[in-house]
Colleague: 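Following this message is one structure expressed as structure tokens.
Everything quoted here is computed from the prediction, not taken from an experiment.
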Amino acid sequence: MTGEPRAVSDTIGFVIVFSMVIAVVGLAFAGGLPALESVRDVERVDNAERAFDILAENLDDVQSQNAPSRATEIKLADASLALGEPVTVNVTGLSTVPGRSFSTEYTTRPIVFEAADSAVVYSMGAVFRQEPGGTAALRSPPLVATSERVVLPVLVLQDDGGTSVGGSTTVLIRTDRAATRVLVAQPNSLDRVYMNVTSPRATAWARDLESASEFSCSVSGDTARCSVQNVARTYVSLTEVDVAFE
């Protein structure tokens, strides 16, 4: 009989300890798993950000260094990659002198990496990161906008087929230069030069263009309206690039 209370005590102790272990594991699973998923999502977008920086440099080579093509590798890891909504850019120069004014407009498609609630976007040399709290520019477009000169190298991305993919795979973004031409070469002064960007990221465009140049910008709806006055020389070039995901 002396052994029975001890056996009951050991059994109760085992049950209590086992219950505590189960409770701790349950709490760790309930609280730790979302935290681990959040860390994974952030790291995934950080990796995409680094890949898009390389993508931007490669496209700079295609645009300004006359490279015929470039390829950039990116790992999706439960994310998607696609050409996004069209972005329209209008560049207008105004002068009181007859024959100097001009206006040109073009449309391009940004490359968009999406994972959970975040996205990394490449558009016309600029790279943006979108989060639920807002959008920030990570890289400014390669343009010059001062009263001395305005130089706008326009890069238009065109769908070359297969430009939407998702899942957990490694994708090769292939970019091939299709054409390059000069849109505007105005060596004479203009009263004002406008650059209007219509995009879902209009606010980020306005903020970045104003900080990276002498553009003065405002936002109206989905359009960033930027201008610089008393410009001595203005040049606008266009490079068309075919994009495909492999």
Side-chain angles (χ1 to χ4, degrees), residues 45 48-49 52-53 55-56 59-60 63 79-94 101-145 150-160 163-166 173 175 183-184 190 192-229 231 234 236-243 245:
V45 179
E49 183 180 313
F52 268 55
D53 189 53
L55 171 66
L59 280 165
D60 279 352
Q63 183 178 30
S80 66
L81 190 68
L83 288 183
E85 297 178 35
V87 173
T88 301
V89 178
N90 177 278
V91 181
T92 299
L94 298 180
S101 298
F102 69 87
S103 182
T104 182
E105 186 171 288
Y106 53 91
T107 299
T108 184
R109 301 277 301 278
I111 298 176
V112 182
F113 173 97
E114 287 189 288
D117 295 329
S118 302
V120 181
V121 181
Y122 171 90
S123 183
M124 296 185 297
V127 177
F128 301 93
R129 180 162 178 165
Q130 294 180 202
E131 298 288 350
T135 301
L138 305 176
R139 188 180 194 271
S140 299
L143 58 81
V144 177
V150 168
V151 180
L152 302 178
V154 177
L155 181 66
V156 171
L157 300 182
Q158 304 174 145
D159 189 344
D160 196 32
T163 45
S164 179
V165 64
I173 306 175
T175 51
L183 299 181
V184 176
L190 295 167
R192 189 178 290 269
V193 175
Y194 295 87
M195 180 177 177
N196 299 329
V197 183
T198 301
S199 162
R201 292 159 290 278
T203 300
W205 269 109
R207 188 166 52 241
D208 183 62
L209 289 174
E210 198 165 48
S211 65
S213 65
E214 292 183 14
F215 272 132
S216 176
C217 300
S218 62
V219 178
S220 176
D222 288 336
T223 301
R225 303 184 183 278
C226 302
S227 67
V228 59
Q229 58 184 350
V231 179
T234 304
V236 182
S237 62
L238 173 68
T239 301
E240 296 174 336
V241 175
D242 295 329
V243 180
F245 300 157

Colleague: Nearest 0.5 Å, what's the CG-CD1 distance between L55 and I111?
Modeller: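 Answer rounded to 0.5 Å: 5.0 Å.
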Colleague: Which heavy atom in F245 sits nearest to a heavy atom in V243, and how many Å separate them?
Modeller: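 That closest heavy-atom pairing would be CE2-CG1, 3.8 Å.
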Colleague: Heavy-atom distance under 4.5 Å between the side chains of T234 and V91, does that happen here?
Modeller: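 Result no, sub-4.5 Å side-chain heavy-atom pair not found.
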Colleague: So for atom CD, which belongs to E105, do other residues, nucleotides or ligands contribute more than 12 heavy atoms lying within a distance under 6.0 Å?
Modeller: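 Check passes, neighbour count above 12.
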Colleague: Could you check whether atom CG of D159 has more than 12 heavy atoms from other residues, nucleotides or ligands sitting under 6.0 Å from it?
Modeller: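 Atom CG in D159 is packed in, count exceeds 12.
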Colleague: What's the spacing between L138 CG and E49 CD if we round to 0.5 Å?
Modeller: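 Going from CG on L138 over to CD on E49, the span is 4.5 Å.
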Colleague: Rounded to the nearest 0.5 Å, what separates atom CG in L155 from atom CG in L143?
Modeller: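 Here the rounded value is 12.5 Å.
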Colleague: Listed by chain and number, what are the salt bridge (Lys or Arg N to Asp or Glu O under 4.0 Å) partners of E214, not counting sequence neighbours?
Modeller: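 By the salt bridge (Lys or Arg N to Asp or Glu O under 4.0 Å) rule, E214 matches no residue at all.
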Colleague: Work out which heavy atom in A119 is nearest to a heavy atom in E114; give both atom names and the distance.
Modeller: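 Distance-wise, the nearest heavy atoms are CB-CG, 4.0 Å.
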Colleague: Any chance you could measure F52, atom CZ, to L59, atom CG, to the nearest 0.5 Å?
Modeller: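 These two atoms lie 10.0 Å from each other.
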Colleague: Does R109 use its side chain to pair, donor to acceptor, with the backbone of Q158 at less than 3.5 Å?
Modeller: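 No; zero donor-acceptor contacts below 3.5 Å.
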Colleague: Is a side-chain donor or acceptor of T108 paired with a backbone partner of L157 at a separation under 3.5 angstrom?
Modeller: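 Flag set: sc T108 to bb L157 pair under 3.5 Å.
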Colleague: Please report the closest heavy-atom contact between V241 and T175, naming both atoms and the distance.
Modeller: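 Minimum heavy-atom separation between V241 and T175: CG1-CB, 3.6 Å.
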Colleague: Does any donor atom in the side chain of T92 or N90 lie under 3.5 Å from an acceptor atom in the other side chain?
Modeller: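 Short answer, yes.
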Colleague: Minimum heavy-atom separation for E85 and P110, please, with both atom names.
Modeller: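 Here E85 and P110 meet closest at O-CD, 3.0 Å.
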Colleague: Pair E210, S216 - check side-chain contact (heavy atoms from CB on, under 4.5 Å), show working.
Modeller: CA-CA 6 Å; E210 198 165 48; S216 176; 4.1 Å; yes
Colleague: Can you name the closest pair of heavy atoms from A224 and A202 and give their distance?
Modeller: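 Heavy-atom minimum between the residues: CB-O, 3.4 Å.
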Colleague: Check for a donor-acceptor pair, side chain of Q63 on one end and backbone N or O of P153 on the other, with a separation under 3.5 Å.
Modeller: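 Confirmed, Q63 side chain pairs with P153 backbone.
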Colleague: Under the side chain to side chain contact (heavy atoms under 4.5 Å, CB included) test, which residues partner T223, sequence neighbours left out?
Modeller: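 In terms of side chain to side chain contact (heavy atoms under 4.5 Å, CB included), with neighbours along the sequence ignored, T223 is linked to N196, T198, R225.
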Colleague: Any side-chain donor-acceptor pair under 3.5 Å between Q130 and T135?
Modeller: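 Note: Q130 and T135 side chains miss the donor-acceptor criterion.
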Colleague: Output yes when R201 and D208 qualify as a salt bridge under the 4.0 Å nitrogen-oxygen rule, no when they do not.
Modeller: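 The answer is no: the pair does not qualify as a salt bridge.
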Colleague: Closest heavy-atom contact between P142 and M124?
Modeller: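 Scanning both residues, the minimum pair turns out to be CD-O, 4.1 Å.
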Colleague: Please report the interatomic distance OH(Y106) to CD(E240), rounded to the nearest 0.5 Å.
Modeller: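 Rounded to the nearest 0.5 Å, the OH-CD separation comes out at 12.0 Å.
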Colleague: Indicate yes or no: at least one non-hydrogen side-chain atom of S123 is less than 4.5 angstrom from one of W205.
Modeller: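 SC-SC contact between S123 and W205 confirmed.
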Colleague: State the SG-OH distance between C226 and Y194, to the nearest 0.5 angstrom.
Modeller: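 Between atom SG of C226 and atom OH of Y194 there are 11.5 Å.
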